[in-house]
There are 2 protein chains.
Amino acid sequence: MNYKQIASADIDFLVSVCGTDRVYTGKAINEDFSHDELGGVSRMPDVMVEVTSTEEVSAIMKYAYDNNIPVTPRGQGTGLVGASVAMHGGIMLNMCRMNHFLELDEDNLTLTLEPGVLLMEISKFVEERDLFYPPDPGEKSATIGGNINTNAGGMRAVKYGVTRDYVRGLEVVMPDGTVMELGGKVVKNSSGYSLKDMIVGSEGTLAIITKAILKLLPLPQKTISLLIPFPELEMAIETVPKIIKSKAIPTAIEFMERDVILAAEEFLGKKFPDNTSDAYLLLTFDGNSKEEIEKAYEKVAHICLDSGALDVFISNTQERHAAIWSARGAFLEAIKASTTEMDECDVVVPRKHVGEFVKFTRQLQDRFNIRIMSFGHAGDGNLHIYVLRDQLDEQTWKQKLHDVFEVMYSHALELGGKVSGEHGIGFAKKPYLNDSMGEYGINLLRNIKLAFDPKNILNPGKVC
Amino acid sequence: MNYKQIASADIDFLVSVCGTDRVYTGKAINEDFSHDELGGVSRMPDVMVEVTSTEEVSAIMKYAYDNNIPVTPRGQGTGLVGASVAMHGGIMLNMCRMNHFLELDEDNLTLTLEPGVLLMEISKFVEERDLFYPPDPGEKSATIGGNINTNAGGMRAVKYGVTRDYVRGLEVVMPDGTVMELGGKVVKNSSGYSLKDMIVGSEGTLAIITKAILKLLPLPQKTISLLIPFPELEMAIETVPKIIKSKAIPTAIEFMERDVILAAEEFLGKKFPDNTSDAYLLLTFDGNSKEEIEKAYEKVAHICLDSGALDVFISNTQERHAAIWSARGAFLEAIKASTTEMDECDVVVPRKHVGEFVKFTRQLQDRFNIRIMSFGHAGDGNLHIYVLRDQLDEQTWKQKLHDVFEVMYSHALELGGKVSGEHGIGFAKKPYLNDSMGEYGINLLRNIKLAFDPKNILNPGKVC
């Protein structure tokens with residue numbers, strides 16, 4: 001692609017929009033901005049700009065469009081597929097200063113905010129007001145803009161669905177600088193193709209989100225967690241379809257293995273309530289009365305015990321509940337800390353195939369002689385499987401990683417699965433999306449991209 | 001647009017695919033296929049084909065694409081905006097024979113079916129199995145294909161959301177005959193732009209749905225309805241934001257006026273439980289225990305009485321509940337039967353503005369000296385407002401309708417509303433979508449349409 005190289009006149013323009021304090025070039029750009037959380041994909045932007053308003057984003061996009069300069073929007077950089085890395089250099093828009101709550105509308109149960117607000121800030125803000133924003137990805141320091149751009153799911157998707165289900169409206173800046181309002185505070189909408197739903201999950205390639213209107217729910221008054229040890233992982237996971245079939249609706253159903261728990265204990269320096277069994281299910285139930293929740297979880301506890309569970313630990317205080325979930329929240333960091341480098345497979349499969357798929361990935365450990373750790377959302381079929389480099393040399397690591405991923409992704413597709421459940425395609429997973437969609441499908445995605453961004457200046461080289 | 005005229009060789013091809021029994025031409029095509037439920041837009045297709053399989057749809061689309069023949073897919077024709085009318089003639093694909101349930105997957109709580117299955121058949125099928133498909137549009141004889149194509153909402157959107165939220169996967173035939181699988185049985189998905197969500201609400205203009213995978217829920221064990229009379233409509237509607245703010249979540253909140261109830265009584269030949277008050281709210285609550293529901297509705301009943309309600313009638317038997325809701329289901333037909341012709345405005349506004357908007361439309365009755373009746377979904381802001389022709393001559397009717405709609409739609413936009421909540425744009429509402437999206441937005445929609453359908457042969461002349 002033939003982009004204009006950044007020159008001093010371009011920097012002058014950016015300074016004229018944002019002032020010198022918020023425009024960074026060369027060594028003044030922190031190295032962190034060259035990669036995301038996983039780090040396998042890296043490139044420095046030529047210039048990094050901290051934007052603070054829709055007007056600034058619009059002015060910069062118009063300039064970039066007129067001058068054919070690539071632009072990469074970026075939130076907290078917590079992604080795992082390189083979506084926020086400036087693969088073609090150019091301008092990086094750091095959205096983190098656009099981090100204000102704009103309006104809580106209690107009549108419509110909506111929250112309007114800027115894209116740089118962090119997930120942890122949202123939950124604090126709404127829960128203090130007895131309201132609830134259900135999507136709950138593990139990475140609480142991600143921005144809501146990033147979550148919308150990957151259609152993040154998180155733990156509570158079993159009961160509450162994913163980010164898409166809570167995005168009522170968006171303000172976006174198009175690649176040529178035009179500002180559009182998509183959706184709104186309305187509950188229903190059938191007014192032309194759903195541009196809002198095209199932006200959700202588009203990883204910053206179609207438009208830049210500058211404002212979001214989120215749907216809120218009343219905060220459930222009670223929450224309880226069950227930690228259920230099993231003698232082996234397959235037995236734990238095979239219990240999940242039985243729970244779903246029983247018509248109980250837990251808020252979350254996570255699975256975890258002993259080695260991941262041990263890694264988290266070491267990482268956090270804290271003990272997990274139990275680490276003596278090979279595998280665990282962690283379930284949460286929420287509702288408005290103790291009786292209502294008890295009825296639901298007692299049924300599920302019996303199903304688990306009948307399916308071979310060794311025990312059922314109930315966490316009915318806020319402290320114990322928080323302790324378990326903070327350990328769960330540290331799994332990714334803990335695994336990362338246990339090795340030199342890693343890469344991740346974020347497939348989603350129909351939930352009745354989760355057991356089969358996890359078993360399959362365990363066999364790959366022996367077949368390829370490489371360490372593989374996994375945890376994930378047993379209740380919604382979304383698995384996070386980490387392939388660990390440990391002491392492998394660069395060439396062996398790249399080759400093994402490639403081979404393991406090929407086998408893993410193709411097996412997921414055979415089971416009716418998808419390449420990514422919630423982390424997206426970005427740069428790193430493009431070959432697997434290509435394989436799964438075929439030439440026709442990828443061309444369709446490319447044509448949609450061109451409908452939004454005819455000059456291909458917005459986050460180029462990503463998704464398709 | 002320069003389409004090929006249907007010739008005898010084209011008919012021969014269609015007969016070679018479907019046999020003579022399912023290919024209709026000329027007078028053999030029932031006049032019903034020239035229009036939809038509202039009837040204001042009409043045109044006969046040149047040929048109507050009853051398709052029975054994905055393979056037939058694919059073969060016909062490939063032929064139509066190669067030969068530049070327009071194709072209009074059609075379900076039950078219950079639409080209200082002309083979306084299923086063959087505005088450019090050509091081939092009409094009648095999808096109604098593709099009406100089979102394909103798979104109920106209880107491990108994944110999904111139902112896979114063909115697009116011609118009727119809404120009333122779905123609810124019967126799943127409820128007999130103690131399962132639940134929440135979307136509940138008034139027109140139960142619509143097909144699920146039509147519902148997906150308009151992203152229909154219905155009564156229960158307050159608690160459960162709209163059709164989009166329950167479409168997990170689609171099989172579609174693209175305009176050139178290519179068959180694609182979009183989404184699947186998976187709960188989460190972040191694998192490229194959401195083509196599935198682009199098809200939902202696209203009114204048969206981007207691809208033809210040949211299979212759908214729907215998400216189901218466990219059937220709530222108890223349902224209760226409250227019919228709440230108010231001395232005047234504004235008072236009734238202004239109570240709704242208070243209900244939402246109280247953090248109760250009714251399944252449905254409908255409003256209705258006395259004259260609509262009287263029309264329904266006459267139309268059905270049955271009495272409504274009460275018709276003595278000017279206005280009513282009709283609320284439903286569902287849940288798994290009597291106690292749980294009682295707690296919720298008692299709070300709401302008090303809010304209503306404190307806000308001026310005259311009484312609260314509770315329907316806690318299945319019979320009484322069904323009686324009220326069957327009357328509610330007949331409103332559209334009843335209004336239609338009370339006049340010579342009508343047209344409808346299906347705007348959606350933020351729910352706190354519903355009262356203001358309904359009051360505004362009532363003032364238009366006097367201002368334009370024309371009868372206007374309305375009912376709708378007070379809980380989600382989606383209004384169905386009918387402008388009635390009565391004895392007006394053709395020219396006066398067209399002029400008044402135009403003037404009233406101009407004023408109505410532009411006021412809805414001022415309030416942050418959208419042109420259509422659930423009936424779509426089709427042919428009839430294009431000018432209002434144009435006004436609301438502006439040139440830039442409409443061009444974007446057109447470019448997306450061309451990405452899917454470069455020859456513009458699929459349902460041309462609709463949406464944008």
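In the text below, chain A, chain B and the rest are named by the order of the sequence lines, each starting its count at 1.
If you measure heavy-atom distances from A:Tyr432 to chain B, you find no contacts under 4.5 Å at all. Using a 4.5 Å cut-off between heavy atoms, A:Thr150 contacts chain B through both its backbone and its side chain. Heavy atoms closer than 4.5 Å to chain B are found in the side chain of A:Ile249, but not in its backbone. Residue contact with chain B, scored on non-hydrogen atoms closer than 4.5 Å, involves the backbone and the side chain of A:Glu422 alike. Contact annotation for B:Leu433: only side-chain heavy atoms (C-beta onward) come within less than 4.5 Å of a heavy atom of chain A. Proximity to chain B involves both the backbone and the side chain of A:Val419, based on heavy atoms less than 4.5 angstrom apart. When heavy atoms are compared at a cutoff of 4.5 Å, A:Ile243 does not approach chain B at all. Contacts between B:Thr178 and chain A at a heavy-atom distance below 4.5 Å involve the side chain alone, from C-beta outward. Of the atoms belonging to B:Leu206, it is side-chain heavy atoms, and not backbone ones, that fall under 4.5 Å from chain A. Heavy atoms closer than 4.5 Å to chain B are found in both the backbone and the side chain of A:Ile448. Of the atoms belonging to A:Val348, heavy atoms from both backbone and side chain fall under 4.5 Å from chain B. With a 4.5 Å cut-off on non-hydrogen atoms, A:His377 touches chain B through its side chain but not through its backbone. For a residue to count as touching a neighbouring chain, one of its non-hydrogen atoms must lie under 4.5 Å from one of that chain's; by this rule A:Asp346 does not touch chain B. The contact between A:Arg164 and chain B is made entirely by side chain atoms (from C-beta outward), counting heavy-atom distances below 4.5 Å. Both the backbone and the side chain of A:Tyr193 have a heavy atom closer than 4.5 Å to some heavy atom of chain B. For a residue to count as touching a neighbouring chain, one of its non-hydrogen atoms must lie under 4.5 Å from one of that chain's; by this rule A:Lys295 touches chain B with the side chain only.
Only one option out of B:Asp105, B:Asp130, B:Asp107 pairs with A:Lys245 in a salt bridge (Lys or Arg N to Asp or Glu O under 4.0 Å); it is B:Asp107.
One finds the OG atom of A:Ser289 at 7.0 Å from the CD atom of B:Glu292 (value rounded to the nearest 0.5 Å). The CG atom of A:Asp380 sits 11.5 Å away from atom CG of B:Asn189, with the distance rounded to the nearest 0.5 Å.
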### Task
Kindly indicate, with the supporting measurements, whether the criterion side-chain contact (heavy atoms from CB on, under 4.5 Å) is fulfilled by B:Leu195 and A:Leu445.
CA-CA 8 Å; B:Leu195 298 173; A:Leu445 296 190; 3.8 Å; yes
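A donor-acceptor pair is defined here as one N or O able to donate and one able to accept, closer than 3.5 Å; no such pair exists between the side chain of A:Asn447 and the backbone of B:Phe452. For B:Lys247 (side chain) and A:Leu217 (main-chain N/O), no donor-acceptor pair under 3.5 Å exists by modelled atom type. Of the possible polar contacts, one joining the A:Asn108 side chain to the B:Arg351 backbone as a donor-acceptor pair under 3.5 Å is found. Here the side chain of B:Lys188 pairs a donor or acceptor atom with the backbone of A:Gly154 at under 3.5 angstrom. B:Lys418 places a side-chain N or O within 3.5 Å of a backbone atom of A:Gly183 that can act as its donor or acceptor partner. The backbone N or O of B:Ser420 sits less than 3.5 Å from a side-chain atom of A:Ser191, completing a donor-acceptor pair.
Interface check for chain B: of the options A:Gly438, A:Ala152, A:Ser202, the most heavy-atom pairs under 4.5 Å are formed by A:Ser202. The greatest number of non-hydrogen atom pairs below 4.5 Å with chain B, out of A:Pro218, A:Pro350, A:Gly421, is found for A:Gly421. Contact count versus chain A (heavy atoms, under 4.5 Å) is highest, among B:Pro241, B:Ser194, B:Gly381, B:Gly201, for B:Ser194. With chain A as the partner, the residue from B:Gly379, B:Gly417, B:Ser246, B:Gly424 showing the most heavy-atom pairs under 4.5 Å is B:Gly424. Counting heavy-atom pairs under 4.5 Å between each of A:Glu106, A:Lys185, A:His353 and chain B puts A:Glu106 at the top. Put simply, of B:Asp176, B:Leu450, B:Thr163, B:Val347, the one with the most heavy-atom pairs under 4.5 Å next to chain A is B:Asp176. With respect to chain A, the highest number of heavy-atom pairs below 4.5 Å among B:Asn151, B:Ile442, B:Ile425 belongs to B:Ile425. If you tally non-hydrogen atom pairs under 4.5 Å between each of A:Arg168, A:Lys242, A:Lys449 and chain B, the highest count goes to A:Lys449. Between chain A and the residues B:Val158, B:Val463, B:Val162, B:Leu444, the most heavy-atom pairs under 4.5 angstrom are made by B:Leu444.
Around NZ of A:Lys215, the count of heavy atoms belonging to other residues, nucleotides or ligands within 6.0 Å exceeds 12.
Side-chain contact between B:Asp197 and A:Val200: absent, with no pair of heavy atoms (C-beta onward) separated by less than 4.5 Å. Looking only at side-chain heavy atoms (C-beta outward), B:Asn382 and A:Val187 stay at 4.5 Å or farther from each other.
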